[in-house]
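Because only heavy atoms are used, hydrogens play no part in the values below, and waters and symmetry mates are left out as well, while side chains stay in.
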Amino acid sequence: MLLTISDMTTGYGPTIVNRGVSLTLAAREIVTVLGPNGAGKSTLLRTLAGLVKPRSGSVIFDGADVTGQAPDVMAKRGIVLVPEGRRIFTDMTVEENLRLGAYTRRDGEGVDADVRTMESFFPILAVKRREKGGSLSGGQQQMLAIARGLMARPRILLLDEPSLGLSPLLVKEIQGIILGIGDRFGASVLLVEQNAGLALSVASRGYLMQNGRIATSGPIEELRDMSLMRELYLGGVAG
């Protein structure tokens, strides 16, 4: 496995958020983490990105123990977070935002080539290259945020709520982008997503979180039919 999380517990101050979480992710695999608001999904991604220190347990990435390493170290190793809310630099141009995604790299020619690659994979970014990030629509900003994450050449891309606030048409476009990440960029994807339709349409496996713990997991086909999934997350509809 490319990533193995074992019995990980994390939190903020006196508050425990993730409790004994275990999870695996293979190379070029798309795995989703589902669950209601407050289940601890975003904290899980923030911990993997190095923004939150685990209190116990381990994170093994590509055979190395990376538990508790700093965000810049995790990014250099190849674990990159695209956070909820996009968080692009609104006063910088689209191209400047892309180049900031490669801040850990020292291969200038490779960065130049990857900017062109992102503009090919996300054609709207080529059109908007010289425009400020703040002038983009919500969907365009989300594409920029994903492209900026890919500029680091990640082995694992952590996506936190990429469809948040987007129209159904744009969600469909994001779906296609996520499905293409493995083939085009060779990266695995760990996806946290409230839109169950999107999550179930792109992932091969899933984990359902409840109250900071993994309540159940399995292939997507099995998760669709689980009564616990319907009760906790899908509102009684298998999806």
Side-chain angles (χ1 to χ4, degrees), residues 28 30 32 41-42 45-46 48-51 71-72 74-195 197-199 201-202:
R28 298 198 179 192
I30 302 174
T32 187
K41 306 183 300 298
S42 293
L45 295 192
R46 288 173 57 81
L48 292 176
L51 297 168
D72 61 326
M74 298 299 265
K76 287 177 182 178
R77 284 184 173 272
I79 300 178
V80 174
L81 173 65
V82 178
E84 180 182 353
R86 297 142 200 167
R87 299 184 191 175
I88 64 166
F89 294 93
T90 57
D91 290 334
M92 292 184 175
T93 67
V94 166
E95 183 171 353
E96 288 169 341
N97 269 274
L98 289 175
R99 292 183 179 278
L100 278 173
Y103 76 97
T104 62
R105 297 171 54 184
R106 296 295 179 265
D107 56 323
E109 291 185 2
V111 171
D112 291 342
D114 282 355
V115 169
R116 304 289 89 83
T117 297
M118 294 310 155
E119 291 179 343
S120 172
F121 192 62
F122 304 84
I124 190 63
L125 300 186
V127 175
K128 303 283 187 177
R129 179 184 305 146
R130 302 303 180 196
E131 297 187 23
K132 296 290 182 67
S135 71
L136 304 183
S137 69
Q140 292 165 356
Q141 288 186 6
Q142 185 61 70
M143 292 176 198
L144 177 56
I146 294 173
R148 184 181 60 186
L150 289 169
M151 284 293 297
R153 292 190 176 176
R155 303 278 306 280
I156 298 176
L157 193 66
L158 309 172
L159 294 180
D160 195 357
E161 304 283 5
S163 77
L164 187 66
L166 301 185
S167 69
L169 186 62
L170 286 172
V171 170
K172 190 72 174 177
E173 194 165 353
I174 293 296
Q175 176 192 46
I177 288 168
I178 294 171
L179 286 169
I181 286 173
D183 288 339
R184 186 69 181 269
F185 302 101
S188 303
V189 175
L190 187 59
L191 170 67
V192 161
E193 180 56 68
Q194 280 294 316
N195 185 324
L198 172 60
S201 70
V202 298

Report the distance from atom [atom1] of [X] to atom [atom2] of [Y], rounding to the nearest 0.5 Å.
X    : Y    : atom1 : atom2 : answer
N97  : K128 : CG    : NZ    : 14.5 Å
T93  : R129 : OG1   : CZ    : 10.0 Å
R184 : I177 : CZ    : CD1   : 11.5 Å
K172 : L198 : NZ    : CG    : 9.5 Å
T90  : Q141 : OG1   : CD    : 8.0 Å
L98  : E119 : CG    : CD    : 6.5 Å

Between [X] (side chain only) and [Y] (backbone N and O only), is there a donor and an acceptor less than 3.5 Å apart?
X    : Y    : value
N195 : G197 : yes
Q140 : S137 : yes
E131 : L136 : no
R106 : Y103 : yes
T117 : A113 : yes

If we ignore angles and hydrogens, is there a donor and acceptor under 3.5 Å between the side chains of E193 and S163?
yes
Ionic contact status for E96 with R99, cut-off 4.0 Å:
no
Quick check: closest heavy atoms across [X] and [Y], and the distance to 0.1 Å?
X    : Y    : result
I178 : L159 : CG1-CD1, 3.8 Å
L179 : S201 : CD2-O, 4.3 Å
T32  : A199 : OG1-CB, 3.4 Å
A49  : L81  : CB-CB, 3.8 Å
Q175 : V202 : CG-CG1, 3.6 Å
G138 : L166 : C-CD2, 3.7 Å

Should [X] and [Y] count as side-chain neighbours, where that means a heavy-atom distance under 4.5 Å?
X    : Y    : result
V192 : E161 : yes
I174 : M143 : yes
P162 : V82  : no

Which pairs would a plain distance check flag for residues 144-156, meaning a side-chain donor or acceptor within less than 3.5 Å of a matching protein atom at least two apart in sequence or in another chain?
residue	atom	partner	partner atom	Å
R148	NH1	R87	O	3.2
R148	NH2	R86	O	3.2
R148	NH2	R87	O	3.1
R153	NE	D114	OD2	2.7
R153	NH2	D114	OD1	3.3
R153	NH2	D114	OD2	3.3
R155	NH1	D62	OD2	3.2

Could you walk me through whether F122 and E173 satisfy the side-chain contact (heavy atoms from CB on, under 4.5 Å) test, starting with their C-alpha distance in whole Å, then the side-chain angles of each, then the deciding distance to 0.1 Å, before giving a yes or no?
CA-CA 10 Å; F122 304 84; E173 194 165 353; over 6 Å; no
